[in-house]
There are 2 protein chains.
Amino acid sequence: MVEKQLKDRIIETALTLFEKYGYHGVTVDRIVAECGASKGGFYHNFKSKDELLYHIHDVFITYVLNKAQEAYVKYKTPTKRLCAIIQSFVRVFHIYKPHITVFNQEAAYLKPEYAEKINAKREQYKQIIFQVLREGIEAKQFRAEVPVEIAGLSIIGMVNWMYKWYKPDGPMSIEQIATAFNDLILHSLLTEEAKRDEDISSFLLSHVGDE
Amino acid sequence: MVEKQLKDRIIETALTLFEKYGYHGVTVDRIVAECGASKGGFYHNFKSKDELLYHIHDVFITYVLNKAQEAYVKYKTPTKRLCAIIQSFVRVFHIYKPHITVFNQEAAYLKPEYAEKINAKREQYKQIIFQVLREGIEAKQFRAEVPVEIAGLSIIGMVNWMYKWYKPDGPMSIEQIATAFNDLILHSLLTEEAKRDEDISSFLLSHVGDE
DNA sequence: GCGCACAGACCAACTAGTCGGTTTGCTATC
DNA sequence: GATAGCAAACCGACTAGTTGGTCTGTGCGC
């Protein structure tokens with residue numbers, strides 16, 4: 001624990017390089033050179049370059065899926081659940097931006113056996129979002145006309161897209177971004193009655209009753 | 001015009017393959033084999049594999065940028081402009097889905113001189129969206145609290161993300177998807193007054209005054 | 001008979017992965 | 001607490017296979 005293990009150093013270096021140059025734009029030789037390791041050290045820790053790619057994917061999706069499940073269990077109303085899930089999703093960019101970039105860019109290059117595992121978790125995540133949206137409509141918090149699949153995929157899309165523009169040292173903090181997303185998303189989902197609910201409208205940037 | 005030229009056949013084949021296996025997952029040999037051409041034929045039409053990648057990027061971004069500019073000129077109010085731009089954006093998936101997949105997945109592998117040209121157009125597109133959002137806030141059609149950049153990037157993100165899930169033979173038509181997007185986006189942007197405007201609320205799935 | 005469009009054998013460079021060997025750290029023994 | 005023994009961690013030269021790109025042609029329209 002005193003020193004960073006080689007495996008971690010390799011992952012860290014690989015992430016930085018993959019994020020910038022893409023999986024195929026970086027050779028194993030480059031990775032090991034950049035972190036002062038060797039070919040042998042690399043293949044002692046990973047079965048293949050593919051396994052490293054899988055590992056990066058898995059760390060991120062496992063983490064974010066856990067966070068969503070935690071948020072789902074912790075809160076009891078659809079609106080609160082959705083906001084908590086989105087907030088946790090956005091927050092991940094703070095720690096895992098390079099992972100997410102690789103996850104969104106290089107998934108196509110995962111070997112079938114790895115892709116299968118990752119896709120199963122990806123699918124689970126999607127289903128949680130869909131579930132919350134359905135519950136929200138059921139509970140009359142979200143508009144009945146909202147198409148669950150489109151709305152769910154839109155949410156996933158707009159947050160995931162952050163990997164193209166989010167800069168940790170940008171003008172807005174990660175919490176501000178999460179709040180802005182929640183405001184936009186809730187405005188598009190909530191029914192008029194729900195917006196008038198004090199408990200719910202607290203997630204909005206401005207309370208509709210204020211004017 | 002009587003027969004499909006080799007260049008077009010190469011592009012078409014390359015697109016199908018790139019979409020499925022990624023740019024680096026497909027060799028030049030594979031492309032030419034699959035479309036009954038030869039190495040010579042390929043390099044007669046393209047300076048390099050990179051140029052083919054650039055060409056695919058350019059066709060799509062040029063097309064979609066034109067469509068956005070046309071929509072902007074054709075309509076005069078922010079809401080109409082935004083809806084028309086989004087509609088045109090979504091419609092592109094009907095024709096250019098493989099282009100868009102490659103565009104979103106493989107941009108990192110463009111050689112610097114090509115990347116520069118593409119990014120300039122990409123930036124232009126972003127600015128049109130931002131502009132319309134600013135105009136909408138100015139005209140009091142869109143809520144003043146809406147953060148222009150976040151909202152703009154969200155819109156671009158959610159539509160672009162379609163490349164991950166859109167299937168031409170899915171349950172919803174491209175027009176239905178466009179309508180659903182517009183409904184979600186307008187609900188998140190419009191002021192309460194604007195929603196009561198007959199002319200504007202016609203873009204919503206259900207008119208708020210109906211209840 | 002000239003040049004454009006294309007064919008296909010060939011090449012040089014690159015890269016993931018291997019393999020015999022060395023170092024390091026831990027444990028049991030005296 | 002020195003030492004021997006041993007396994008895991010790590011090194012780096014080497015290899016086999018792959019791939020973008022070249023080059024010498026060849027057929028064909030005008």
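Just so you know, these numbers use all the heavy atoms, side chains as well, and skip hydrogens, waters and symmetry mates. Reminder, nothing fancy here: chain letters follow the sequence lines and each chain counts from 1.
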Distance in angstrom units between Leu6(A) CG and dC11(D) P, rounded: 6 Å

Glu175(B) atom CD, over 12 foreign heavy atoms within 6.0 Å: yes

Separation of dA16(C) P from Leu53(A) CG (nearest whole Å): 12 Å

Within 6.0 angstrom of Lys76(B) NZ, more than 12 heavy atoms from elsewhere: yes

Over-ring placement of Lys49(B) relative to Tyr23(B), 6.0 Å and 45° cut-offs: yes

Base of dG17(C) paired with side chain of Lys49(A) (donor-acceptor, under 3.5 Å): no

Phe89(B) six-ring face occupied by Lys67(B) cation (under 6.0 Å, within 45°): no

Polar contact flag, side-chain donor to acceptor under 3.5 angstrom, Glu34(B)-Thr13(B): no

Whole angstrom value for the distance that separates C1' of dT22(D) from CZ of Phe46(B): 18 Å

Atom-to-atom span, NE2 of His44(A) to C1' of dT23(C) - whole angstrom: 13 Å

Exercise: do Glu135(B) and Gln131(B) side chains pair donor with acceptor under 3.5 Å: yes

Most 5' of Lys39(B) and Lys39(A) on DNA chain C, judged by nearest nucleotide: Lys39(B)

Interatomic distance, Phe42(A) CZ vs dC10(D) P [rounded to whole Å]: 13 Å

Proximal nucleotide (of dA9(C), dC10(D), dA7(C)) relative to the Ser38(B) side chain: dA7(C)

Glu51(A) CD to dA16(C) P, straight-line distance once rounded to whole Å: 15 Å

Length of the line joining Gln5(B):CD and dC6(C):P, which is rounded to integer Å: 7 Å

Stretch residues 13-33 of chain B: residues that reach within less than 4.0 Å of DNA chain C through a heavy atom: none

From dT18(C), dG21(D), dC10(D), nucleotide with atom closest to Ser48(B) side chain: dG21(D)

d(CG, Asp50(A); P, dT15(C)) in whole Å: 16 Å

Atom pair CD1 (Ile56(A)) and CG (Leu53(A)), whose distance is rounded to the nearest 0.5 Å: 6.0 Å

N/O (side chain, Asn45(A)) to phosphate O (OP1/OP2, dA9(D)) under 4.0 Å: no

Nucleotide nearest Ala37(B) when distance is taken to its side chain, options dC11(D), dG20(D), dA7(C): dA7(C)

